[in-house]
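To start, the structure under review is shown below, and the notes come after it.
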Amino acid sequence: MEAREEAHLPPPSPSPPPPPPTSPAHDALLRAGPRLRLLQQAHAHVIVSGSHRSLSLLTKLINLACAAGAIGYARQVFVTVPGPDSFLFNSLIKSCSKFGFPRDAVAFYRCSLLAGIPPSNYTFTSVIKACADLSASRLGRGVHAHALACGFGSDPYVQSALVTFYAKSSDLNVARQVFDKMGERTVVTWNSMISGYEQNGSAKEAIELFDRMRESGIEPDSTTFVGVLAACAQLGAVSLGSWVYEYVMDNGFDLNVVLGTSLINMYARCGNVSKSREVFDSMRERNVIAWTAMISAYATNGYGSQAVELYDQMRLQGPRPNKITFVAVLSACAHARLVDMGRQIFASMKEEYDVEPGLEHFVCMVDMLGRAGFLDEAYEFIERKIPMEPPPAVWTAMLGACKMHKNFDLGVRVAEHLLDSEPENPGHYVMLSNIYALAGQSDRVQRVRNMMIQRGLKKQVGYSIIEVDGKTYMFSMGDKSHPETNIIYEYLDELMLRCTQAGYVPLADSLMHELEGEEREYALRFHSEKLAVAFGLLKTSHGMTITVVKNLRMCEDCHLAFKYISVVANREIVIRDKLRFHHFKDGSCSCLDFW
DNA sequence: CTAGGGTTAG
């Protein structure tokens, strides 16, 4: 039957004639934009006007549906399309990958192959981006092979997408191989590789590559600077970061919201909050991310009340806070002992802003209550306010509070619980043994230490970075690799002697559970941050602030020592540890010994 | 017949 009917039809034309450019259906689509309701109305126009077989109209409709986030609707329309062509498939795959539906992008890609549609370089860029977003490394490698087989191996767009894909799969070497093999690199390719390094924690490589890029004569654009600034933020490399700021201003770059936020973050993570604020104030557009970055800049640098003040201003005249904003402002409260304020804000999250508290907010609250000494309330909060099995991060916050307020009984219970639930996390062992040490139970310290050795766990190796004259230097504990080692150690000895004369007494029992006797004292004296600070004092002139970035948290002895050093050397010292900042000045620290 | 790509912030 069907065959006979088909025989009466005119020979299939390649596709229906394009609708006239001014057709009402087309107009309706254009007017609808990425808004679902209006798109559905326009769809009705399309059907009523009889152009439901017009592939170009349906393509537009489907793309707009993706842009509206209505992937379900896009799928529904897609299945009604008679004979989708390569244009429709390519646009669809692109829209899916662009608007956050990478799984659908891959599914439609497969679908297009099954339909016998040959993929183009456009297809591959979209599918590879989707693989990157999914971290689908096997799939992505397969698509890469397919792209090579189809002859698109040297298409610059495909190659840039591949660089990003391999970087996101933490395959930096492969990313670099693709990058190195490229004949002609565009600014985007360079950006992909620079960001790739930065996102994998290889900030130094990112900056080195940026230097190569400048040598090659390719002009950086604002995306380049976003990557470079993030690398500066990692390293605390404020001179390069400031150079970028000046370059951007001098060369008439638009201080767009992404670039501005990157600058805020860079200055914040280099300890210079007032510069962050200067950038924030000079931005013409500020979205929720920019506000949150600025609040977080205050919070991590120990300016809790300024953080809350800015948050209040945001409530009045800024965008709606989201869950990340609340993490920033609650952690500000935690570190500034603003307990009542924190409780109020936590309550308002859901009531006023319809933001459901999540894991990170619970951690902030436990941290805040615990730090302030309300251990019982913190414990009760865990038991009664958290709607799930409390995750380890919550107990870690509780444990920190127990240690801070010397509640060893509760601390030991919490630490043992943590050890049970995450036996492979070396941090828990360190915490437990510290608690035992503080409680004077040295036999148990030894037992925990042995357990760690037995299980083959090692404490992370600490290092500190300091930037002097635009170059970054890295120190690790007891480091002697620096050419001026002797001078640095001698100077540090002299410095510590002067501190001792001023009343400093080393805190030998902090965080050194794995070391014994002489080794312990040595390690304590030559912690990486002390070496870096000594080096900084030697190499920079009076009046300059010393800024050091450390990968772990600072120990209490170093914290104490830097207070004295800020006096005897008469310098401001800024240390960024894993979580936050310490600004030492005139013998005290911005954290008020509350960290 | 139709247009279009890859990189970026809390």
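By convention in this document, chain letters (A, B, ...) are assigned in the order of the sequence lines, proteins followed by strands, and residues within each chain are numbered from 1. Fair warning: this is a prediction, and the values are worked out from it, not measured in the lab.
Residue A/N256 is classed as having no contact, given no heavy-atom separation below 4.0 Å to the nucleic acid. As judged by a 4.0 angstrom heavy-atom cut-off over every strand, A/V257 is placed among the base-contacting residues. Using a 4.0 Å heavy-atom criterion, one finds that A/V327 contacts no nucleic acid atom at all. Using a 4.0 Å heavy-atom distance criterion, A/T186 is classed as a base contact.
Comparing B/dG5, B/dT8, B/dA9 against the side chain of A/T261 picks out B/dA9 as the nearest. Distances were taken from every side-chain heavy atom of A/V188 (C-beta onward) to each of B/dG6, B/dA9, B/dT8; the shortest belongs to B/dG6.
A side-chain donor-acceptor contact under 3.5 Å links A/R320 to the backbone of A/Y353. In terms of modelled atom types and a separation under 3.5 Å, the side chain of A/S282 and the main chain of A/V279 share a donor-acceptor contact.
Applying the side-chain contact (heavy atoms from CB on, under 4.5 Å) rule to A/S296 yields the partners A/T300, A/A328; only residues at least two apart in sequence or on another chain are considered.
Considering only side-chain N and O atoms, A/Q199 lies under 4.0 angstrom from the phosphate OP1 or OP2 of B/dT8.
Side-chain atoms of A/N287 stay outside donor-acceptor range of the base of B/dG10, with no qualifying N/O pair under 3.5 Å. Residue side chain A/T292 reaches the base of B/dG10 through a donor-acceptor N/O pair under 3.5 Å, judged by distance alone.
Separating the NE2 atom of A/H26 from the C1' atom of B/dA3 is a distance of 12 Å, rounded to the nearest angstrom. In this entry the distance linking CD1 of A/I218 with P of B/dT7 reads 18 Å, nearest Å.
Between A/D577 and A/R553 there is a salt bridge, with a side-chain nitrogen of the basic residue lying less than 4.0 Å from a carboxylate oxygen of the acidic one.
Here A/Y122 counts as stacked on B/dG4: its ring centre is under 5.5 angstrom from the base ring centre and the planes meet at under 30°.
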